[in-house]
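Some notes on the structure that comes next.
All chains are named by letter (A, B, ...) in the order of the sequence lines, taking the proteins before the strands, and each is independently numbered beginning at 1.
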Number of protein chains: 2
Amino acid sequence: MAQTPQYRRIYELLRKHIVDGVYKEGDLLPSENELCRVHNITRPTVRQALDALVHGGFIKKQQGKGSIVSSLPQGIGILSVSGTTSAVGINNLKTKILTGPEVRAWAGAFMFPLSQVEKESGYVYIERLRILDEKPIFLDVNFLPNINLPRFTSRSFENRSLFDILRKFYNIQVTGGEQRLRAIKADENIGNHLQVKKGHPVLHLERKIATNRVDYYFYSSIYCNTDISAIYGAF
Amino acid sequence: MAQTPQYRRIYELLRKHIVDGVYKEGDLLPSENELCRVHNITRPTVRQALDALVHGGFIKKQQGKGSIVSSLPQGIGILSVSGTTSAVGINNLKTKILTGPEVRAWAGAFMFPLSQVEKESGYVYIERLRILDEKPIFLDVNFLPNINLPRFTSRSFENRSLFDILRKFYNIQVTGGEQRLRAIKADENIGNHLQVKKGHPVLHLERKIATNRVDYYFYSSIYCNTDISAIYGAF
DNA sequence: TGAAATAACTTGTAAATACAAGTTTAAATT
DNA sequence: AATTTAAACTTGTATTTACAAGTTATTTCA
């Protein structure tokens with residue numbers, strides 16, 4: 001009946017409290033039984049929420065002791081699905097649209113194999129520069145198969161998470177994905193955007209992102225300048 | 001009573017079957033209820049095993065349909081805990097010990113903050129080169145705090161997973177961790193080992209690895225040549 | 001025959017319960 | 001007082017039950 005499941009609500013709540021500093025590093029979260037009482041739910045449900053927090057790297061659990069809040073990462077977390085991207089430095093992380101959103105047709109080879117439906121549909125192209133403290137940190141190039149995305153190209157993307165828009169307007173939620181990482185030399189174009197010399201080492205991520213819409217994936221190619229801040233991930 | 005929990009057994013079994021090709025990409029695993037019947041366990045237990053497979057990127061689940069086997073990754077999976085390292089290409093992945101194992105004392109700054117106990121204990125140092133198809137793929141430098149690791153320096157590490165040794169002889173299992181990624185220029189030393197020119201882009205991972213032993217972490221600094229095969233990860 | 005309704009599957013969420021195992025605190029014993 | 005023991009916590013594993021929700025195959029009806 002509930003649109004969002006209970007464990008999700010508890011997860012979001014605890015996550016927010018950790019990010020906001022209600023619980024600090026090393027603190028113990030309320031025990032599972034206490035969370036049960038407070039929110040009037042059962043332990044399996046609480047544990048489902050806590051598992052998600054562990055998976056996101058927000059807490060560690062220790063048998064007999066409790067759920068210990070982890071330190072918030074120093075770098076930028078884009079390795080896990082909702083792990084830390086939305087958690088850290090989102091305040092001073094600005095977004096600049098370089099190209100799009102505009103509809104294009106697939107041409108040439110692509111970083112991931114595409115289905116027939118995807119090929120026929122074309123894609124929405126968005127190229128963005130993400131800026132942290134006035135310094136360009138990463139350039140992300142996004143490919144969203146143009147399947148059931150009405151009025152997408154006319155939406156505003158400035159300083160807004162792509163994920164948020166997909167969730168809010170199209171009820172598309174990211175459920176996971178796969179990625180490849182490489183260290184490459186920046187070419188002329190990437191170098192200009194990231195303000196590094198041509199040939200400078202840059203981290204390249206190629207991602208295929210799965211959603212709650214069955215068989216709907218979208219794709220991102222991300223170039224990171226890791227000189228200032230590293231990419232962070234929990235596992 | 002059971003030394004290893006049931007869900008772990010089922011997880012290992014299914015994982016092996018996927019890796020061995022019993023279930024191929026796109027195949028459906030037996031349904032949860034079927035796995036219950038076959039292994040004489042209950043659905044929450046089965047689901048715990050399947051969750052672990054999802055987390056490792058081996059399957060995707062679709063409500064109403066089933067558990068769909070994912071494609072085995074092309075690259076080398078060292079991003080997740082037991083995700084794909086041990087799954088892919090372990091046959092032709094050779095290991096060459098460059099230094100150690102030998103006990104050393106901490107000196108100077110370290111990539112992660114250390115506890116007092118860790119500082120006082122020193123660490124076991126191991127430097128290894130991992131070779132895939134006669135080509136050096138990555139160089140890993142490991143720091144294991146020298147706490148309760150009897151006879152560690154005298155063990156043989158050739159062509160053997162560090163994780164395996166820790167599990168087998170010391171009952172230490174990797175439960176998770178955190179990592180930072182950077183694209184850097186190879187220096188003289190790294191360039192020589194990885195057979196790339198000095199200044200060539202190399203992927204650098206700094207990892208703090210958590211274990212089932214409370215407060216026991218170990219650390220790895222990994223340098224990857226991603227020219228031939230990328231680093232792969234599911235999330 | 002073709003479309004719609006139904007049944008029989010699948011996974012997702014959730015409750016209530018039980019005991020095992022690790023940690024901490026308090027009490028009892030020496 | 002110091003040590004040991006026990007109790008009261010904590011999380012880990014597991015069962016049983018129930019219904020919701022999505023998918024597929026079958027049946028029914030027009």
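- Among the heavy atoms of the strands lying under 4.0 Å from B:Thr45 are primed sugar atoms or P, OP1, OP2 only; no base atom is included.
- Side-chain nitrogen and oxygen atoms of A:Tyr7 include at least one within less than 4.0 Å of the OP1 or OP2 phosphate oxygen of C:dT13.
- Atom-to-atom, CG of A:Asn40 to P of C:dA14 comes out at 13 Å; the value is rounded to the nearest Å.
- Checking D:dG12, D:dT10, D:dT16 against the side-chain heavy atoms of B:Pro44 singles out D:dT16 as nearest.
- In this structure, CD of A:Glu34 is placed 14 Å from C1' of D:dA8, rounded to the nearest angstrom.
- Closest to the A:Lys61 side chain, of the nucleotides C:dT13, D:dG12, C:dT11, is D:dG12.
- As a whole-Å value, the separation of B:Ile68 CD1 from C:dT10 C1' is 11 Å.
- Taking atom NZ of residue A:Lys60 and atom C1' of nucleotide D:dT10, one finds them 18 Å apart after rounding to whole Å.
- Taking only side-chain nitrogens and oxygens, A:Gln62 comes nearer than 4.0 Å to OP1 or OP2 of C:dT23.
- Residues B:Leu149 and B:Tyr216 approach most closely at CD1-OH, 3.3 Å, considering heavy atoms.
- A cation-pi contact links A:Arg104 to A:Tyr125, judged by a cut-off of 6.0 Å to the six-membered ring centre and 45° from its axis.
- Here B:Gln6 reaches the OP1 or OP2 of D:dT15: one of its side-chain N or O atoms lies under 4.0 Å away.
- In the displayed structure, B:Asn40 atom CG is contacted under 6.0 Å by at most 12 heavy atoms of other residues, nucleotides or ligands.
- A salt bridge does not link A:Arg207 to A:Glu178: none of the charged nitrogens lies less than 4.0 Å from a carboxylate oxygen.
- Look at B:Lys65 and you won't find any side-chain N or O under 4.0 angstrom from OP1 or OP2 of D:dG22.
- Listed candidates were D:dT11, C:dA14, D:dT16. Nearest to the side chain of A:Asn33 is D:dT11.
- Note: OH (B:Tyr216) to C1' (C:dG22) measures 21 Å, nearest angstrom.
- The listed nucleotides are D:dT13, D:dT11, C:dG12; the one nearest the side chain of B:Arg43 is C:dG12.
- Checked options B:Tyr219, B:Phe218, B:Phe110; the residue passing with B:Phe143 is B:Phe110 (criterion: ring pair (Phe, Tyr, Trp, His ring centres under 6.0 Å)).
- Atom P of nucleotide C:dC9 and atom CG of B:Leu28 are separated by 16 Å, given to the nearest angstrom.
- Neither OP1 nor OP2 of D:dT11 sits under 4.0 Å from any side-chain N or O of A:Arg47.
- With DNA chain C read from its 5' end, the first of the two nearest nucleotides for B:Val214 and A:Gln48 is the one closest to A:Gln48.
- Using a 4.0 Å heavy-atom criterion, one finds that B:Ser31 contacts the sugar-phosphate atoms exclusively.
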